[in-house]
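Beneath this line is the structure, given in structure tokens, with notes to follow.
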Amino acid sequence: SQTIHQWPATLVQPVGSPLSLECTVEGTSNPNLYWYRQAAGRGLQLLFYSVGIGQISSEVPQNLSASRPQDRQFILSSKKLLLSDSGFYLCAWSLAPLTDTQYFGPGTRLTVL
Amino acid sequence: GESVGLHLPTLSVQEGDNSIINCAYSNSASDYFIWYKQESGKGPQFIIDIRSNMDKRQGQRVTVLLNKTVKHLSLQIAATQPGDSAVYFCAENMGDSWGKLQFGAGTQVVVTP
């Protein structure tokens with residue numbers, strides 16, 4: 001069966017510090033991968049998606065970036081965090097275009113102080 | 001722009017009663033819809049999905065109804081239990097080959113004893 005991992009689970013970082021969040025998927029090959037951000041009490045905002053190694057598409061302009069160094073690894077990064085980067089970051093995978101169902105990881109709670 | 005939205009931000013339900021969560025969509029090109037359940041501090045969990053060639057689909061204690069005429073989607077939960085307390089999101093596919101989904105704002109379901 002497929003599983004998706006995210007770490008760290010919780011992170012507190014000062015403004016201006018760098019960021020690296022990692023997501024890995026097990027049990028499937030060549031998945032589509034997605035990064036979302038969820039503000040408190042809000043819906044999901046798609047940040048990045050990837051259909052293959054090294055292929056990243058950005059949905060919104062921001063100081064975040066994403067990379068996919070391996071087939072089942074997706075990384076969200078920032079060189080300098082802003083207060084507005086605080087939120088709940090979710091990684092998801094799918095086998096699109098076979099199916100559009102996305103399956104989510106447990107998330108990373110990021111607080112920027 | 002086109003979006004998916006929910007009618008009720010909060011739904012209070014007595015334990016044992018049936019819950020109905022509603023969702024409106026405006027993208028007539030969407031042909032796939034999903035309901036997710038998100039418990040506090042966790043990633044969204046897939047509940048049930050439906051394709052546009054269907055009007056109704058049933059799972060364990062859950063039923064999704066799709067009314068394409070009025071672009072309305074609903075999730076019915078039978079015999080609501082305390083463990084059903086969560087935020088419920090509807091999502092529609094964007095009709096592209098990357099499996100992108102458009103999420104609604106979410107409905108908080110609170111089950112009272």
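Numbers restart at 1 for each chain; the letters A, B, ... are given by sequence-line order, proteins then strands.
Using a 4.5 Å cut-off between side-chain heavy atoms of Ile, Leu, Val, Met, Phe, Trp and Tyr, with links allowed through other members, A:Leu33 and A:Phe104 fall into the same hydrophobic cluster. Hydrophobic clustering (ILVMFWY, side-chain heavy atoms < 4.5 Å, transitive): A:Leu83 and A:Val12 are in distinct clusters. The cluster map of Ile, Leu, Val, Met, Phe, Trp and Tyr, joined by side-chain heavy atoms under 4.5 Å apart, puts A:Leu44 and A:Leu47 in the same cluster. By the rule that hydrophobic residues join a cluster once side-chain heavy atoms approach within less than 4.5 Å of another member, A:Val60 and A:Tyr49 end up as members of one cluster. Cluster annotation: B:Leu65 and B:Val62 are assigned to distinct hydrophobic clusters (Ile/Leu/Val/Met/Phe/Trp/Tyr, side-chain heavy-atom contacts under 4.5 Å, transitive).
B:Ile34 touches chain A through its side chain: at least one heavy atom from C-beta onward sits under 4.5 Å away, while N, CA, C and O do not. Of the atoms belonging to A:Glu59, it is side-chain heavy atoms, and not backbone ones, that fall under 4.5 Å from chain B. At a 4.5 Å heavy-atom cutoff, A:Gln6 makes no contact with chain B through either its backbone or its side chain.
The shortest side-chain heavy-atom distance between B:Tyr32 and A:Thr101 falls under the 4.5 Å cut-off. Taking 4.5 Å as the limit, some side-chain heavy atom of B:Tyr36 sits within range of a side-chain heavy atom of A:Gln102.
Counting only distance, with no hydrogens or angles, the side chain of A:Asn32 and the backbone of B:Trp98 share a donor-acceptor pair below 3.5 Å.
The shortest heavy-atom contact between A:Phe88 and B:Gln38 is CE2-NE2, 3.8 Å. Of all the heavy atoms in B:Gly43 and A:Leu90, the pair that sits closest is CA-CD2, 3.6 Å.
Ring pair B:Phe46/A:Tyr103 is tilted by interplanar angle, where 30° to 60° counts as tilted.
Within 6.0 Å of the CZ atom in A:Arg42, the count of heavy atoms belonging to other residues, nucleotides or ligands does not exceed 12. In the displayed structure, B:Lys42 atom NZ is contacted under 6.0 Å by at most 12 heavy atoms of other residues, nucleotides or ligands.
For the atom pair NZ of B:Lys100 and CG of A:Asp100, the computed distance is 11.5 Å after rounding to the nearest 0.5 Å. The OG1 atom of A:Thr99 sits 7.0 Å away from atom CG of B:Asp49, with the distance rounded to the nearest 0.5 Å.
When A:Ser94, A:Gly107, A:Pro106 are compared by the number of non-hydrogen pairs under 4.5 Å with chain B, A:Pro106 comes out ahead.
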